[in-house]
Engineer: 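I have a structure I would like to understand better, so I am pasting it below and will then ask my questions one at a time.
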Amino acid sequence: MDYATLKALKPSEFTEAADGYRSVSSMADHAYASAEQQITTRLRSGSGLSGRAVPSGWTARTAART
């Protein structure tokens, strides 16, 4: 980098970008925790679960052969 490029940098823009990233990251963390909590609750209670268990070793490739 040359002197002109360094002089043109505006630290406040980086601060704003970091604040925006932190905000989005926080929202994503909350969404993940909420989804994880809902899934865990349903799995533990057994509600909403139906169907058969998949045998050990089953893959999509196995299903394509049958």
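As a basis for the values below, the full set of heavy atoms in this structure was taken, side chains included, without hydrogen atoms, waters or symmetry mates.
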Engineer: Could you tell me the separation between the NZ atom of Lys7 and the CG atom of Leu9, rounded to the nearest 0.5 Å?
Structural biologist: 12.5 Å
Engineer: Are Phe14 and Leu6 connected in a single hydrophobic cluster, I mean Ile/Leu/Val/Met/Phe/Trp/Tyr linked by side-chain heavy atoms less than 4.5 Å apart?
Structural biologist: yes
Engineer: Does the Thr40 side chain pair with the main chain of Glu36, one donor and one acceptor, at a distance under 3.5 Å?
Structural biologist: yes
Engineer: Is the closest side-chain donor-acceptor distance between Asp29 and Ser26 under 3.5 Å?
Structural biologist: no
Engineer: Could you give the distance from NZ (Lys10) to CD (Glu16), rounded to the nearest 0.5 Å?
Structural biologist: 10.5 Å
Engineer: Could you tell me whether the side chain of Thr41 and the main chain of Gln37 form a donor-acceptor pair under 3.5 Å?
Structural biologist: yes
